[in-house]
Amino acid sequence: MECAMVNFTNPGDRVLVINGGKFGHRWQQLAETYGCQTHTIEVEWGQAPELSDIQHLLELKPEWSAVFLQANETSTGIAYPLETWVPGIRSITDALIVVDAITGLCAHRIDMDKWGIDVAVGGAQKGFGIDPGLSFIAVSEKARSRLSERPKYYFDLAKEMAGQESGQSSWTPATGLISSLDKALELLSEIGLEKTHAHHDLMGEVVRTGGLAMGLDLLANQYPSSALTAFKLPPSIDGKLLTKHLQQRWGTTFAGGQGKLAGKIIRFSHLGFTDPLDILAGLAALEMSLRHFGHRCTVGSSVAAAMKILAKHTS
Ligand SMILES: *Cc1c(COP(=O)(O)O)cnc(C)c1O
């Protein structure tokens, strides 16, 4: 993300950031750190702005240099509808469209060229399911012609791209991680991208159905992500104690809320190499743990509802 900011903005550039959670806020902090004239569309966590609101702002002169947003806002479990947003933004402005696709990749179709995304950022530790430490950036021809003038050293994409023409990286690459990624990509290409997306869509549907059946509400009702689901917790339940119990009693690792949602939500991942039985086990652990803290629901309601969805898709 920092590489994108450093290479595609100059100090004083007018940029727009969509901030609907912790990672949108990170774009904002990066843009401010690098001296951009930063405008933010801030939305309630778990909500999305209207495309028309984004477009209205972008119509205001002077010209914008870049628009920064997420594919998936991982802190809230929303997947912004880039398929309509990106062409919609493109129709208004010539600004670079920079997408943090770190949890979008693998879970959702991201058609960079067709939709008009200029810069997309990915990370190894999310959809690719390998160890953290490797991130990647994809750059359109247009973005390539607009590399920044600002000083940079490690994150110098012009230097990196020139080196790669002759098979050289600028710095020592993390070869172990690249081997793991190679393996993960091999598996993903055996499965195929369409099937991978369909799998995550189904896992998302199963988790949402299971959570609703045990009496939880979704944080993001509109555009639920296929990478992870965030549920609001009943006010009587402390999310920090809940995640601790899930870990200690059931050996399951859930994520709680970040920032202002700390203690208030629980996040259930269905990205990476998760399969239906992982999901059922996770739902069972969550249901039993909620009951432990006094939440009332029929025993097995989440797993039963989840299995009904699965049964429609498996024979
Ligand atoms: C995980 C993630 C990142 C990277 O965050 P780190 O703290 O560097 O792991 C960035 N954006 C999104 C949307 C993410 O989910």
Side-chain angles (χ1 to χ4, degrees), residues 1-105 108-121 137-150 157 220-225:
M1 290 172 80
E2 186 152 10
C3 178
M5 191 62 66
V6 168
N7 282 276
F8 299 107
T9 66
N10 285 297
D13 273 4
R14 194 157 171 261
V15 307
L16 182 66
V17 173
I18 294 171
N19 176 0
K22 188 185 150 154
F23 294 101
H25 185 235
R26 189 174 295 183
W27 274 139
Q28 183 185 341
Q29 287 177 311
L30 278 163
E32 286 166 358
T33 302
Y34 283 96
C36 295
Q37 194 191 317
T38 311
H39 298 255
T40 308
I41 295 185
E42 206 169 329
V43 287
E44 192 69 36
W45 286 31
Q47 312 270 314
E50 294 292 332
L51 173 59
S52 55
D53 294 338
I54 305 172
Q55 288 176 318
H56 282 145
L57 250 177
L58 289 171
E59 274 162 2
L60 301 176
K61 299 286 168 220
E63 186 54 68
W64 300 83
S65 307
V67 179
F68 291 90
L69 71 168
Q70 269 59 41
N72 259 273
E73 176 48 81
T74 319
S75 60
T76 68
I78 197 168
Y80 295 134
L82 297 190
E83 184 163 6
T84 51
W85 278 13
V86 174
I89 292 170
R90 179 59 63 239
S91 70
I92 303 282
T93 173
D94 190 38
L96 294 178
I97 302 175
V98 183
V99 176
D100 162 5
I102 294 175
T103 45
L105 288 175
H108 293 269
R109 194 162 81 91
I110 296 188
D111 209 329
M112 186 168 173
D113 298 334
K114 190 165 159 211
W115 301 347
I117 297 172
D118 293 296
V119 180
V121 180
I137 189 163
V139 175
S140 70
E141 279 304 321
K142 181 168 107 189
R144 206 172 163 148
S145 71
R146 290 203 202 163
L147 286 163
S148 71
E149 308 280 317
R150 55 165 96 244
L157 275 186
N221 279 297
Q222 201 188 10
Y223 313 127
S225 163

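Hydrogens, waters and symmetry mates are skipped; everything else that's a heavy atom, side chains included, is used.
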Would you name the heavy atoms of [X] and [Y] that are closest together and state the gap between them?
| X | Y | value |
| --- | --- | --- |
| V99 | A71 | CG1-N, 3.8 Å |
| P49 | W85 | O-CZ2, 3.2 Å |
| A220 | P224 | O-CB, 4.0 Å |
| V67 | A95 | CG2-CB, 4.3 Å |
| P81 | Y223 | CG-CZ, 3.5 Å |

Holding to salt bridge (charged side-chain N to carboxylate O under 4.0 Å, His left out), I want the full list of residues that pass it with [X], two or more places apart in sequence or in another chain.
| X | value |
| --- | --- |
| D94 | K142, R146 |
| E83 | R109 |
| R150 | none |

request  = Check ring pair (Phe, Tyr, Trp, His ring centres under 6.0 Å) between W115 and all other residues, then give those that pass, not counting sequence neighbours.
outcome  =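 Partners of W115 under the ring pair (Phe, Tyr, Trp, His ring centres under 6.0 Å) test: none.
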query = Name the one of L82, I41, V98 that satisfies side-chain contact (heavy atoms from CB on, under 4.5 Å) with L69?
reply =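 The single option meeting the side-chain contact (heavy atoms from CB on, under 4.5 Å) with L69 is L82.
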Can you name the side-chain contact (heavy atoms from CB on, under 4.5 Å) partners of [X], sequence neighbours left out?
| X | answer |
| --- | --- |
| A143 | F8, L96, D118, V119, V139, S140 |
| L30 | M1, E2, M5, R26, W27, Y34 |
| Q29 | H25 |
| A79 | N72, H108, S225 |

Evaluation steps, side-chain contact (heavy atoms from CB on, under 4.5 Å), between F23 and T103 = CA-CA 11 Å; F23 294 101; T103 45; over 6 Å; no
Main-chain N/O of [Y] paired with [X] side-chain donor or acceptor, under 3.5 Å:
| X | Y | answer |
| --- | --- | --- |
| R90 | T93 | yes |
| Q222 | A48 | no |
| N7 | T9 | no |
| D100 | I102 | yes |

request  = Find the distance between CZ (F68) and CG (L16) and round it off to the nearest 0.5 Å.
outcome  =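 Answer rounded to 0.5 Å: 10.0 Å.
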task = If a pair satisfies side chain to side chain donor-acceptor pair (under 3.5 Å) and one of its residues is in residues 41-51, list it, with sequence neighbours excluded.
result =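 Pairs touching residues 41-51 that pass the test: none.
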request  = Please name all residues satisfying side chain to side chain donor-acceptor pair (under 3.5 Å) with T38, sequence neighbours left out, ordered by chain then number.
outcome  =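 Checked T38 against side chain to side chain donor-acceptor pair (under 3.5 Å); zero matches.
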Using distance only, find each side-chain donor-acceptor pair of residues 52-60 under 3.5 Å and give its atom names and separation, not counting sequence neighbours.
from	atom 1	to	atom 2	distance (Å)
Q55	NE2	G88	O	2.8
H56	ND1	S52	O	3.2

